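Presented below is the structure to which this report refers.
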Amino acid sequence: MFNWAVVFLIIAIIAGVLGFGGIAGTAVDLAKIAFFIGLILALVFWLSGRRGPPR
């Protein structure tokens with residue numbers, strides 16, 4: 001999940017530099033959502049004593 005947050009953040013930075021404000025804003029929002037979902041899942045797995053989702 002954190003990987004997706006980084007990908008969307010990089011897309012937002014590139015889009016912002018190139019002047020695509022709408023795309024950059026959307027990518028930043030997606031990066032924030034992916035980051036917080038990953039953070040919540042990490043806390044849930046940590047509190048429940050699991051090492052992560054089953055593979």
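All residue numbers in this chain count up from 1 along the given sequence. These figures come from a predicted structure and were not determined experimentally.
The hydrophobic clustering, which links ILVMFWY residues whose side-chain heavy atoms are closer than 4.5 Å, places V17 and V28 apart. Residue L9 is not grouped with residue F36 when hydrophobic side chains (ILVMFWY) are merged at heavy-atom distances under 4.5 angstrom, including chains of intermediate members.
Across all their heavy atoms, A27 and I11 have their closest contact at CB-CG2, 4.1 Å. The two residues A24 and G16 have their closest heavy-atom pair at CB-N, 3.7 Å. Nearest heavy atoms, I23 versus A15: CG2-CB, 4.1 Å.
Note that CZ of F8 is 11.0 Å distant from CG of D29, once rounded to the nearest 0.5 Å.
Checked options I40, L41, L39; the residue passing with I37 is L41 (criterion: side-chain contact (heavy atoms from CB on, under 4.5 Å)).
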